Amino acid sequence: MTGQDPGPLAGFHWNADCREFVGGYPCRRWRACPGCEHYDPVDRRVLIVMLDLLGDMLIASPLPARIKRDHPGTHITWLASAASVPMLAMNPHIDRVLAFDWQAAETLLGERYDAVYSFERTPAAASLVERIDAAHKAGLAWGGERNGLYPIGEAARHFFAMNTWNDFRTRGNTKTWTELYFEVAGYAYHGEPYELAVPDTAQQSVRGWLGEPGWVCLNVGASLPTKIWPPQQWLALGQALLAGGHRLVLTGGPADTERCLQLQRDLDDDRVRFRPLSLQEFAAVPSLCAVMVTGDSLGFHLALAHDIPVVVLLGPSNGAEVIPKDATTITAVRSLLACSPCAHQVTCGGVGGCMDTITTDQVHRAVTAALHTREQQEQP
């Protein structure tokens, strides 16, 4: 009917394909759509599923950047545990992080994706992969004919074998986890660096605490008891480094607080610093360190992200999985036990012992050499 008043909605529209659109008003930019300078159309949506393992999130951190480099119009969602959200928030190439709960699961089941890459073994999340609407899926899922974990796609078979209880990881694998994450997603890894954008607030907090750079970081934490270097070795190393005139900062995860406090008390020196840190503050610490000593843990990968020298202590861990092939800042000190590395298929029954065979003298020599190399490189 001609002459009808179009009403207040005349000309109203929204850009549901915009990267900043979150499913309703307001958008992340708090702008109306008509004429918005931030309009960034999305033509492809990808979901990555990995709930925990903070070190692995850093290992996989170059993948979103690579996906967007090859497909600039891609929007990337990452499904993770609530505790892991701060780590993923430091990857600028991830558009949305969903904390895994029933609401996130229902949200994903109502959406459609062009690709889902699943690196998760947890049944609740891996079984969700089966039911998500996606044109392409790769990686791990749970369910199928045998109600268990299984690989999706040929490229995921190697990755699946790495997640089973056999000796494949120690005898049949020469690929790093980064290579495997890329391979599952259909990409060749070309040595892309970790992605870690530490917030300014965390950087400022750590600078205010530590002051001048040049610290030696002793990262005493570990995700598994069999990865822990004994306290008496950490103490002897700390004493040797203090005798050499170095300043020490102690780090670890929330479960390592008492271990760090005890080491600080035993060292009894004003040049030793420790305080509980947020995850993002922990991520800022290596920027003020000359070298880090650590086991195979998140701290190791934070050191790689900051490109500082790192002495990594390897007992049950297989260095082939975690040490980049082109790395030049890593000194690996390995256990000499015949059963090492076992990739955590422990013949010791979980008691450990391989880390105990790494001596303080070995580690101290490696730290001294790393510091000497760094000093030479920094000379004009």
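Since we're looking at a predicted model, the values are computed, not measured. Here, residue 1 is the first one in the sequence, and each next residue gets the next number.
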Whether Q233 side chain and D356 backbone form a donor-acceptor pair below 3.5 Å: yes
For R271 versus D269, what's the shortest heavy-atom pair and its separation? N-OD1, 2.8 Å
Please test W215 against V285 for side chain to side chain contact (heavy atoms under 4.5 Å, CB included), starting from the C-alpha separation and ending with a verdict. CA-CA 9 Å; W215 295 80; V285 167; over 6 Å; no
Which atom names give the shortest non-hydrogen contact between S297 and T294, and what distance separates them? OG-OG1, 3.1 Å
Can R275 be said to sit on top of W209's aromatic six-ring, NZ or CZ under 6.0 Å from centre and within 45° of the ring axis? yes
CZ (R96) with more than 12 external heavy atoms under 6.0 Å: yes
Donor-acceptor side-chain pairing of Y150 and E130 below 3.5 angstrom: yes
When you compare the side chain of E212 with that of L288, does any pair of heavy atoms fall below 4.5 Å? no
Give me the atom names and distance for the closest heavy-atom approach of L371 to A290. CD2-CB, 3.7 Å
Is the side chain of K175 donor-acceptor paired with the backbone N or O of E321 at a distance under 3.5 Å, no angle test? no
Between F159 and Y181, does the ring centre distance come in under 6.0 Å? yes
I'd like to know if the side chain of S205 reaches the main chain of A202, judged simply by a donor and an acceptor atom lying under 3.5 Å from each other, with no hydrogens or angles considered. no
Would you find more than 12 non-hydrogen atoms of other residues, nucleotides or ligands less than 6.0 Å from D270 atom CG? no
Check whether any side-chain heavy atom of S84 sits under 4.5 Å from a side-chain heavy atom of W78, and report yes or no. no
Among I76, V42, T74, exactly one meets side chain to side chain contact (heavy atoms under 4.5 Å, CB included) together with R19. Which residue is that? V42
Is it the case that atom CD in E37 sees more than 12 heavy atoms from other parts of the structure closer than 6.0 Å? yes
The single option from K137, H136, R45 that satisfies side chain to side chain contact (heavy atoms under 4.5 Å, CB included) with V116 is K137
Single-linkage hydrophobic cluster L47~V129, side-chain heavy atoms < 4.5 angstrom: yes
Can you confirm whether S340 sits close enough to R334 that some side-chain heavy atom of one is under 4.5 Å from a side-chain heavy atom of the other? no
Salt bridge or not between R44 and D114? Use side-chain N to carboxylate O under 4.0 Å. no
Any sub-3.5 Å donor-acceptor pair from D268's side-chain atoms to R265's backbone N or O? no
Between V249 and F274, is any pair of side-chain heavy atoms under 4.5 Å apart? no
Within one Ile-Leu-Val-Met-Phe-Trp-Tyr cluster: L218 and I358, side-chain cutoff 4.5 Å: yes
